[in-house]
Engineer: 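Let me begin by handing over the structure; questions about it come next.
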Number of protein chains: 2
Amino acid sequence: MARATIYSIAERCGVSAATVSRVFNRPELVRESVRERVLRVAAELDYQPSSAARGLVTGRVGLVALLVPDITNPFFPLLVRSVQRTAERAGTSLMLIDAEESAAAEIRLVTKLRGRVDGVIVASPRASAAALREAARGLPCVLVNRTLRELSSVICDNTAALFDAGEHLYELGHRDFALLSGPNASWAAGRRSKAVRRWARGRGVRLAELGPFRSSFKGGRQAGAAFLATDTTAAFAFDDLMACGVIAELAENGVSVPGERSIVGCDDVLLAQTVTPSLSTVTAPLDDLGRTAVEVLIRQIEAPDAEPVAKVLPGVFTRRASTGPLTGAQASA
Amino acid sequence: MARATIYSIAERCGVSAATVSRVFNRPELVRESVRERVLRVAAELDYQPSSAARGLVTGRVGLVALLVPDITNPFFPLLVRSVQRTAERAGTSLMLIDAEESAAAEIRLVTKLRGRVDGVIVASPRASAAALREAARGLPCVLVNRTLRELSSVICDNTAALFDAGEHLYELGHRDFALLSGPNASWAAGRRSKAVRRWARGRGVRLAELGPFRSSFKGGRQAGAAFLATDTTAAFAFDDLMACGVIAELAENGVSVPGERSIVGCDDVLLAQTVTPSLSTVTAPLDDLGRTAVEVLIRQIEAPDAEPVAKVLPGVFTRRASTGPLTGAQASA
DNA sequence: CTGAAAGCGCTAACAC
DNA sequence: GTGTTAGCGCTTTCAG
């Protein structure tokens with residue numbers, strides 16, 4: 001048995017295909033009795049509209065893409081969930097694309113998207129501004145955690161929260177800080193580093209800049225080793241994943257957290273709560289981030305010529321167990 | 001400027017649309033000089049074929065879906081990556097769907113897929129066999145980590161590896177075991193419990209069955225508390241996530257791992273290596289699992305009437321730091 | 001309220 | 001080798 005179409009339904013109902021189509025698109029235009037009959041037959045036949053046919057005529061395929069640089073990074077699954085939930089509510093599906101950490105792949109993949117999806121959300125892209133702009137030409141696009149003139153974006157601004165983190169550590173007695181910076185290609189890493197630097201300068205404390213390190217557990221181990229090699233007592237890690245690596249490295253060297261050293265992460269991924277000690281970190285509004293990105297994208301799809309918009313959502317400092325008071329022991333270190 | 005089509009290209013090249021189409025589908029049928037010219041113009045115009053139009057005529061949309069029960073569970077991102085990589089190599093894109101842990105959503109979402117994708121991979125479904133079979137009717141489908149007559153599947157068999165884990169603990173001196181079982185609705189949980197039971201019976205050791213617990217960090221905390229309430233010394237956790245919760249709960253109660261209690265996880269997600277102590281666990285061949293699932297699905301799409309196949313891939317026990325020798329101290333506990 | 005008819009962009013016979 | 005033609009399943013005027 002071939003798949004049901006509006007024609008097979010129309011035939012069984014003794015109406016025209018146009019009427020069947022209306023039942024699904026403009027039901028208020030169809031007489032109630034007819035509508036019910038059509039719906040019943042459609043259900044019986046397991047009818048599902050062909051997205052290809054519909055897309056061909058409407059110019060919309062009901063699909064948006066979300067491109068992430070690394071799906072195994074715990075930051076993204078939460079974003080994916082929020083994006084997909086919002087998309088589904090808006091009646092569109094989600095095509096997920098993992099660039100496997102390659103900037104070249106990002107560009108290649110975005111380029112192939114034109115004609116296949118209605119729009120794309122590009123999360124934390126590492127590719128160059130020019131390449132990105134070129135790849136997104138003619139395709140509604142919104143960036144997450146990166147800004148670019150001419151493209152819409154929704155970012156999380158952690159500046160204030162990082163200040164709060166700094167103040168928190170300062171109040172605990174810390175005076176010597178380390179900045180464990182993230183990948184150079186990461187826009188977010190640059191922003192975070194800048195915020196920390198600004199805070200340290202304003203506060204008049206010493207800040208040792210270490211790195212860049214990769215945003216991975218391994219990168220965190222290296223960062224931890226570098227941190228240990230300094231006589232600083234508190235570190236700002238680029239993100240939670242890195243912070244976890246730092247904690248593991250310190251643990252292996254018999255350095256207790258927060259007894260001897262304090263550390264704050266960034267993002268507040270699930271991992272931040274499951275690691276021991278749990279991470280003091282900057283909580284990103286992941287749900288909002290994903291939802292807003294989809295909303296902006298859909299607006300963009302509906303009005304392709306509208307001006308790009310740039311949304312900014314603030315992060316919030318969350319205190320947990322990885323930050324603690326400076327004890328006499330290490331002050332003398 | 002409207003999007004380029006095979007017609008606009010044909011016009012600019014002074015050939016027919018069919019020729020342009022051939023250049024992309026059967027290039028060997030087109031004279032070299034013409035082909036080059038068409039390709040050049042297509043590139044100039046940023047031409048990307050409309051997947052909707054192509055899908056309408058070929059009946060294939062170049063899209064497969066992967067439905068996961070919970071994208072925030074660290075097991076799935078790795079599977080997603082492997083599936084997406086294999087799919088991309090086969091020239092098809094991936095539509096990701098997160099059921100947010102709801103069996104009802106699984107069914108609803110799979111049902112909506114007919115006509116939108118060429119096939120679907122359903123990972124670790126919790127829905128009932130009947131509902132699943134019904135939802136997948138007329139849609140090429142392969143199950144991951146669950147078997148069902150009439151549907152293809154690829155599963156990871158951990159039986160032998162769990163035996164190895166048991167033997168490993170036995171050799172370390174453990175005689176009293178706990179089984180921290182996973183959700184009742186999880187097919188994998190049932191399989192794993194059965195394997196552990198079989199091993200314990202064969203070995204003639206005591207096995208306290210605790211649970212079921214949820215597959216989450218929190219579920220693990222509860223499991224940890226239950227584990228502590230027994231006088232057993234080694235536990236099989238349903239999966240790594242749960243095992244991490246157990247470790248955290250023990251740590252909070254001042255019970256050292258593996259000093260006083262040993263624990264083994266299952267799956268070997270990234271988390272297993274980053275937790276302290278690192279988890280002894282059963283490593284699932286995630287890459288193979290995803291790759292095989294896609295291969296089976298594609299075969300199914302190409303030959304819809306072929307018999308379903310059931311592939312079995314073995315897990316492997318990996319020893320890390322969460323298992324250790326039984327010390328005198330706790331033998332007397 | 002409903003039907004007839006055109007056409008979305010592409011592929012696949014079938015001619016030449 | 002290349003052009004002509006006929007749809008794929010659906011939406012959308014336009015008539016009635």
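In the text below, chain A, chain B and the rest are named by the order of the sequence lines, each starting its count at 1. Side chains are part of it too, since the values below use all heavy atoms of this structure and drop only hydrogens, waters and symmetry mates.
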Engineer: Take the C1' atoms of the five end pairs on each side of the helix from dC1(C)-dG16(D) to dC16(C)-dG1(D), derive the two axes, and give their angle rounded to 10 degrees.
Structural biologist: 30°

Engineer: For the backbone of A127(A) and the side chain of E106(A), can you confirm whether one donor and one acceptor N or O come within less than 3.5 Å of each other?
Structural biologist: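 Checked: pair present.
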
Engineer: Once rounded to the nearest 0.5 Å, what's the spacing between atom CG of L79(A) and atom CD1 of I121(A)?
Structural biologist: 7.5 Å

Engineer: Do NZ/NE/NH1/NH2 and the carboxylate oxygens of E88(A) and R108(B) come within less than 4.0 Å?
Structural biologist: yes

Engineer: Start with the C-alpha distance between R85(B) and D98(A), add both sets of side-chain angles, then the distance that settles salt bridge (Lys or Arg N to Asp or Glu O under 4.0 Å), and finish with yes or no.
Structural biologist: CA-CA 8 Å; R85(B) 185 185 297 161; D98(A) 175 16; over 6 Å; no

Engineer: Decide yes or no for F75(A) and S215(A): does some side-chain heavy atom of the first lie under 4.5 Å from some side-chain heavy atom of the second?
Structural biologist: no

Engineer: A side-chain contact here means heavy atoms from C-beta on lying under 4.5 Å apart; do I301(B) and V64(B) qualify?
Structural biologist: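 Counting from C-beta outward, I301(B) and V64(B) do come under 4.5 Å.
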
Engineer: Provide the closest heavy-atom pair for V117(B) versus L139(B) in the form atom of the first, atom of the second, distance.
Structural biologist: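 The pair with the smallest heavy-atom distance is O-CD1, 3.9 Å.
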
Engineer: Check this for me: does any side-chain nitrogen of one of E28(A) and R26(A) sit under 4.0 Å from a carboxylate oxygen of the other?
Structural biologist: yes

Engineer: Got a sec, which pairs hit salt bridge (charged side-chain N to carboxylate O under 4.0 Å, His left out) with one end in residues 64-78 of chain B, sequence neighbours left out?
Structural biologist: R81(A)-D70(B)

Engineer: Considering residues at least two apart in sequence or located in another chain, which fulfil the ring-ring contact (aromatic ring centres under 6.0 Å, His included) criterion with Y7(A)?
Structural biologist: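 With sequence neighbours excluded, Y7(A) shows a ring-ring contact (aromatic ring centres under 6.0 Å, His included) to no residue whatsoever.
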
Engineer: Could you give the start and end, 5' to 3', of the contact zone on DNA chain C for chain A, using atoms under 4.0 Å from its heavy atoms?
Structural biologist: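 The contacted stretch runs from dC1(C) to dG9(C).
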
Engineer: I'd like a table of atom pairs between the protein and nucleotides 6-9 of chain D - only N or O on both sides, under 3.5 Å - with the distance next to each one.
Structural biologist:
| unit_1 | atom_1 | unit_2 | atom_2 | d |
| --- | --- | --- | --- | --- |
| dC8(D) | O2 | V57(B) | N | 3.4 |
| dG9(D) | N2 | A53(A) | O | 3.2 |

Engineer: Near DNA chain C, counting only heavy atoms under 4.0 Å, which residues of residues 15-31 of chain B show up?
Structural biologist: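 When residues 15-31 of chain B is checked for heavy atoms under 4.0 Å from DNA chain C, the hits, listed by number, are A18(B), S21(B), R22(B), N25(B).
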
Engineer: Got L66(B) and I97(B) here, is their nearest side-chain heavy-atom distance under 4.5 Å?
Structural biologist: no

Engineer: So does R133(A) pair up with E150(A), basic N to acidic O under 4.0 Å?
Structural biologist: yes

